[in-house]
Every structure is written in C-alpha cells, then in structure tokens.
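Here the structure is laid out as structure tokens; the discussion comes afterwards.
Reckoned from all heavy atoms, side chains included, excluding hydrogens, waters and symmetry mates. Naming convention: chains lettered A, B, ... in sequence-line order (proteins, then strands); numbering from 1 in each chain. Computed from a prediction, not measured in an experiment: that's the story for all the values here.
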4 protein chains.
Amino acid sequence: MPKGNKEDTIRNILKAAEELFSEKGFNGTSVNMISDKAGVNKALIYYYFKDKDDIVNSLFENIIHESDEYVSGSSSALNHEVIPLQDSIREEMNFLQEKQKILSIMLMESLKGDDSHNYFFKCAQKVIESEIEANISSDPQEFQRLLVHEFFTGFVPIMSFIIFKDKWCKYFDCDTDQFISNFLDSFSNTHLSSKKPGS
Amino acid sequence: MPKGNKEDTIRNILKAAEELFSEKGFNGTSVNMISDKAGVNKALIYYYFKDKDDIVNSLFENIIHESDEYVSGSSSALNHEVIPLQDSIREEMNFLQEKQKILSIMLMESLKGDDSHNYFFKCAQKVIESEIEANISSDPQEFQRLLVHEFFTGFVPIMSFIIFKDKWCKYFDCDTDQFISNFLDSFSNTHLSSKKPGS
Amino acid sequence: MPKGNKEDTIRNILKAAEELFSEKGFNGTSVNMISDKAGVNKALIYYYFKDKDDIVNSLFENIIHESDEYVSGSSSALNHEVIPLQDSIREEMNFLQEKQKILSIMLMESLKGDDSHNYFFKCAQKVIESEIEANISSDPQEFQRLLVHEFFTGFVPIMSFIIFKDKWCKYFDCDTDQFISNFLDSFSNTHLSSKKPGS
Amino acid sequence: MPKGNKEDTIRNILKAAEELFSEKGFNGTSVNMISDKAGVNKALIYYYFKDKDDIVNSLFENIIHESDEYVSGSSSALNHEVIPLQDSIREEMNFLQEKQKILSIMLMESLKGDDSHNYFFKCAQKVIESEIEANISSDPQEFQRLLVHEFFTGFVPIMSFIIFKDKWCKYFDCDTDQFISNFLDSFSNTHLSSKKPGS
DNA sequence: GATGAATGAGAATTCATTCAT
DNA sequence: CATGAATGAATTCTCATTCAT
C-alpha cells in the first residue's frame, strides 16, 4: 500500500467497488471486500465516503457527469453534421462499453422496488431528452410517446446489449464480433428504421 | 400462525420471498424478513428449503415451469390460428404481468457477474425458441441472428415494460393506460413490423 | 452455557449489564463484555433486546416498577402507623442498597446533557410525590417548594449515600458501620429535623 | 483555522471537550467531535495532549487549581469577617456555576466503579477541609463525622443544585429564579441551620 | 506547529443456519 | 410439523492513535 495521494486512493476504491458491485451486487459486496480489492485500509474508505451507499452514489454521480460531458461534447457533431447513423451508434457504444459495469449496477439497483435509486430513469431521461430536443414538440402527450418509444425500443435494447454482451457470448458460446454485428442489424431494422411517434 | 397445510405454508413462504426479493433484492432480504412476512416460524423455512438460495431457485423453477405450460398450451393457438398479433401480445402480457416480481428478481440476479444465475437467458431461450421453432432454419448462423433479434428487440423491451411499468408511471407521473398504449404502438412499429432476419 | 430458559438468560444479561454499566458506564461497556460476563452468545442479546439502549432502559423500567411496588406496599405502614422515622429510613435504605448499581447508572445517564434519560428525575418525582401526598397542598408554588426541598436535601443526599457508600469507605479508608451511623446522624439533624416548606 | 497561539488552541480544545463530555459523557465523545468543535486539526490534539484521558485530566486539574485559588483567596473573607452566610453561599454558587460542566463530568466519572477517577472526592475534601480547618478538632472520629456531614448535607446538595439546575427547570418547567430561591431556603433550613457534629 | 491521510482494533448489529423439544 | 432459543461468522461503521510531510 504505497501512500498514494487522495485522488488515487479514491479512484482505487471506486474501481474496486465498481467491479465488485457489478459482480455480486451492492448488497452482496462487503466493504471488506472492497478495501481488500482496492488495497486500502477499510477505515480509509469511511474517511472518504460517508457510508456504503455513498460509494454507489458516487459511482452513479460520476457516470451521470461523464455522460453529460459526452452528450454536450458530441451533440454538435451528432445532430448537425451528416454522420452515418450506425457510425455514431458505434461510437456511442464504445463510450458506453467502458461504463458497462456501472450501468449494470445502476440497472440492478433501479430494479429494486423501494425508491432508493432511480438513476436508470434519470440517466435515460437525460440521454433521450438530449437526443430528441431537436424535434421536440411542445405537446406533452407527444413527448410521452416519444419518451416511451426511445426508452423501450432504443435505450433499453442498447443498454441490455452493453450489459449482457459478455454474458451472452459466454452463455451462447458465440463470437463477439458476429454478435455485435447481429445486434446492430436488428437494431437498425427496428428502432433506427422506425418512424418516430409524432413525426 | 394458522396451522395451514404444507402446501399453504410453502406458498406463503414463496409469496413473501417473492415480494421481498423484488423489493430489496436477494441479498437485501433476510430470512427473518421472509418468515415475518410469511407469518411462519423461521426454522420452518429451513424445514422446507435447504437454504436461502433454495428459495429463489424454487421461485425460478416455478416460473420456468409455468411458462412451459403457458407456451405449450398457447403455442397452437398463437402460431397456427389467425389471431391478431396485438391481441396475442396483450394476452401474453397479462400472463407476464402476474410474474412481474419474479421476472424482476430474475433479471437482478442475472445481472450479477458471477455465473450463479442465468435464468434470464434460460427463460428467454425457451420463449424465443418456442416462437421461432416454426420457421426455424437449420443454419446455426441464421439461428443466432434470430435469437439476437428476438431477444434484444422483442424479449427485452417486453420484459422491461413489464418490470418497469409501475416504476415508470410513478417516476414520470403518467397515466397507466396511456403508457401501455404508447408502448404497444412503439413495439408494433419496431419489433412486430420488422422483417425478421433470415425471412 | 447450559441452555437455561428465557427468564434466566434475560436475568443473566441484565445482571451482567448492570454490573458493567455501573463499573464502566454505559458507553464504556461493550455488548461483548456483557455477553462474556453473562455467559451467553452475543447475538442472543439482540434476540432479547432491540439494541444496547434497550438494555439500560429495561434496567430502568425494572427499577421504576419495583419502586412502585415497594412504595405502594409500604405506604400504609410508613405513613399511617407509628414507626420511628430512623427505622423506616433504614429499611428504605436496605431496599435502595440492592438497587445501588442501577441507581448509579441512572444518575450517570441523567447527568448527560442531551435529554436521552431523565429517569433520575422521574424516579425522584415518584418517590417524593408518594411521600408528600399526605400533606399535599393544592398550591403549585408550595408544591414546587416541597419538591425542591425533598429532592435536594432528602432524595439527593440519600441517593449519594447509597451510591457512594463503598467508594467513600474505600477512599477515606473508614469503617462502614461508623460511616452509616455518621450519615444517619447528619441526615437526622438536617433533612429529617427541618421544618418542611409550607408546614 | 486561525493560526492562534498555543494557549488559544489548548483553550479551544479544552472548551470543546468540556462541552462535549458534559453533553455526552467521556466515552460518548470522540476525539473527532472535539477537534471538529474546537476547529483544530485532530492530530494537533495529540500534539498537546498525550491521549484522550489527558484531556479530561487536564480539565480536572484546572478546576482543582482554580478552586484552590478561589478558596485561598476567599477563605479569609469567608470565615473571619462577618459576611452573611447566604451572601457568601450565593457568591460561591456564582463561582461554581461557571464550572458547572466540568463538575458534571467529574461527577459522572467518579460514579464509575473502577478507581479511575475520584476527583469528586478529592475536590470535596479540599473544599470541606478548607471550610472546617478553623474549628478542626484533632479527634479523627470527629473529623470523619464532620466530613460526612459536610459532604452529604452540604457539598452534595449544592453540587447537585449546580449540576441539575438547568435540567430541573426544563424538566419541571419552572422559573429559574423561583427555583434558586426555593433551593436556598431549603438549604438554609437544613445544612446551614444544623448544628455541626462536634460543635 | 499544523495537517491530511492512514491504520489496527474494536464497537454495534445482523445473518444464515441449527438445535432441542 | 412447529417453534423458541441459540450460535458463529460476518457486516457496517467508529475510534483512538500515528505517520509523513
């Protein structure tokens, strides 16, 4: 345990937590495991984080923040220039790929019935709103329709794809590249080629 | 503690477990909570179930079994008779609606990185295979394509819809019926109207 | 650890807690110490008591309850028959002597600034009210005077005497009997021979 | 963190500790709380104080020292000049009032059964001896009598009065001035008007 | 002096599981 | 079948104390 600086320590903790939470779930992961994996003293975790919840929340806040940056950074390119759709999707997926584990945790926690976490919705809302703000209609009914459409036939499939990719290829024992291309085909033939509600 | 018979006791336990697991997750639920909610003595749970895992697995086996029955019971009707698609979808959804909580648990557990549970895939596989067995092609490549297509643009959206329905309406504060109809529209315009790979 | 019955186990826990709390204070005593001293499994303590606080409170409730019984049981004798005052005081002290440790804990906790425990006042109030109810005057001012008088020149000296007896004799290295008789003399010459306010 | 000088820092620490110890007890107060409240770095506390114990002890030594000064400064006036007793009592009380919190801590700690602290006795001894040294008799028996008398009917009631004043008025919801005057009346009618043992 | 970071030990509380009846 | 009692191992979190700069 080299006396790394604050930033490093926190990064290590978050990295270990991310890995473990996505592997065993939030409640299935003990702070002990995290400190062990991060190579830091357990009490130090409580020096930097109020409690265990604070760790996940930190993870979630981080991804929300990074997504914001990504969205605002790419929005100009994405929406105004003429970039082939599949290309931009692929790029987006690369971005999401890195966040795979956190997204997985986010989904797990959002599935719980208590209202503790709804980051999954929060996140979806952000992404979708940023994407449809161009052709936004002031009609709230219409907006709801679009939201539902984007969420269930766009956001959710993509997220599942990201989250389940590895597990899928393992379970069905198939080639990753082939799998990706299959998914993109299907996605193109459904969500991407569908006429949006209200358009 | 009404001395119900064996069946009743087990049913109570499973019902309580289902509710709690879906509310707090498997690891977030203690056996104590289950026995309390089920109104049975804690030790009795261990009389009927080997351990806590045995409870979830029982839940999963049950749903797999019921799905089997549902699928084989309806397959003739679904595929060979001329039933409007949306109608059959609605019927299927009613069936799934009852299983909402177990499906939620199944998804949560399947998201974990360790290979403890892949009931979600197992279940998807069953459903999808039963649906495509008619126009099944012997080409494994083709089969993979279909599988991916059905899973990510069919199964996953529907499951998410079932699982997130209540949470969605609560979070976005919207009317349930409107929401359902919105979803069905979108689903019709994407998955249902897409040309299947290989066809 | 003979599998004693419930009553015994609880008694053991409370006895151990009483001893330890009075020896080291509430916060200075760990539940581990209690379970060790009581010879029971630590988790068993949490089977019978909600938390550590519940243990002290149980101790306090017990003594309040026993005091009630003592007061109501002796009130007839104490107030209506002609018993020499010093005798009744001595008897009362024997009763209190047994409760020495709990009284000590009660005082300690009541000294804390937060309003968590005011059993010391509650207890005093009970005792004093029972003692003055005979010559109670309906004048609240007068009642306050009596209360103050009884508390600070009666209740407090006696309590201190009970609580500090052993420590005093140890610290000043003096004979217990002599000490007791000295105290009783002084108490007779002050509180007992004073004219009560309002009389 | 104003870089105050050494004296200031120590004063701040002690002040914070005094407040917290009296509020939550010694064991209920963490060094963190103290450093927070004092507005100094936690490690700095360990620069000025050997350990946590050293803080309380410092508090106790201080009050012992101040009491010494007070006693020796006022002794001539108190005992030899003709000052009305109640006046001198009132003055003494003003002095004690400021020390209320430390006295409270002192009492709490002295109540513990282990012999860690007997500052309460030490303090009482000092005060009482200074008060009776005039009419001290060489007879040790007599001295014991006087000590007991002064302690239980003089020192203890006064201390309790000081320590419980605020809590009393809060609990019984009564006027402070009225309370003080009630106490002084009672105290005059008991301790102050009693014939001292041996006189 | 002063400080942020670090740590080992221990505290309170909970859990899954078992036992004896 | 059913149950109250019991238990060992964890789990979350805190504490007093120290180190390096």
message: Quick check: closest heavy atoms across Leu14(B) and Phe49(B), and the distance to 0.1 Å?
response: CD2-CZ, 3.8 Å
message: Ignoring hydrogens and geometry beyond distance, is the side chain of Lys42(B) in donor-acceptor contact with the base of dT17(E) at under 3.5 Å?
response: yes
message: Please identify which of these residues, Ile63(B), Ile102(B), Ile55(B), meets the side-chain contact (heavy atoms from CB on, under 4.5 Å) condition with Glu18(B).
response: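 The passing option is Ile102(B).
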Round to a whole Å and report the spacing from [atom1] of [X] to [atom2] of [N].
X        : N       : atom1 : atom2 : value
Asp51(A) : dT14(F) : CG    : P     : 8 Å
Phe49(B) : dC15(E) : CZ    : P     : 20 Å
Asp54(D) : dT18(F) : CG    : P     : 12 Å
Leu44(D) : dA16(F) : CG    : C1'   : 16 Å
Lys6(A)  : dA5(E)  : NZ    : P     : 5 Å
Lys24(C) : dA11(E) : NZ    : P     : 11 Å
Asn5(A)  : dT3(E)  : CG    : C1'   : 16 Å
Asp36(D) : dG4(E)  : CG    : P     : 12 Å

- request: Any strand is fair game: report the nucleotide pairing with dG4(F) by Watson-Crick or G-U wobble, both distances under 3.5 Å, or none.
  value: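 By the stated definition (distances under 3.5 Å), dC19(E) pairs with dG4(F).
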- request: Using a 4.0 Å heavy-atom cut-off across all strands, classify Thr29(D) as base, sugar-phosphate, or nothing.
  value: sugar-phosphate
query: Do the two ring centres, one from Tyr171(A) and one from Phe164(A), sit under 6.0 Å apart?
result: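 Ring-ring flag for Tyr171(A)/Phe164(A): false, centres at least 6.0 Å apart.
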[X] side chain near [N] phosphate (N/O to OP1/OP2, under 4.0 Å):
X        : N       : value
Asn41(C) : dA5(F)  : no
Ser30(A) : dT11(F) : yes
Asn32(C) : dA12(E) : no
Thr9(B)  : dC1(F)  : no

Residue whose nearest DNA chain F nucleotide is more 5′ - Lys52(A) or Tyr48(C):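 Of the two residues, Tyr48(C) wins.
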message: If you assign Tyr46(D) and Tyr47(C) each to the DNA chain F nucleotide with the nearest heavy atom, which residue ends up on the more 5' nucleotide?
response: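 Here Tyr47(C) is the residue nearer the 5' end.
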query: Think Lys52(D) forms a cation-pi with Phe26(D), using NZ or CZ under 6.0 Å from the six-ring centre and within 45 degrees of its axis?
result: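 The answer is yes; both the distance and angle limits are met.
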task: On DNA chain E, check which nucleotide each of Ala43(D) and Asn27(B) is closest to and give me the residue with the more 5' one.
output: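 Going by which nucleotide is closer to the 5' end, it is Ala43(D).
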Side-chain touch Arg11(B)/Asp8(B), heavy atoms, less than 4.5 angstrom: yes
query: Between dG1(E) and dT21(F), how far is it from one P atom to the other, in whole Å?
result: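 Each nucleotide's P atom is 22 Å from the other's.
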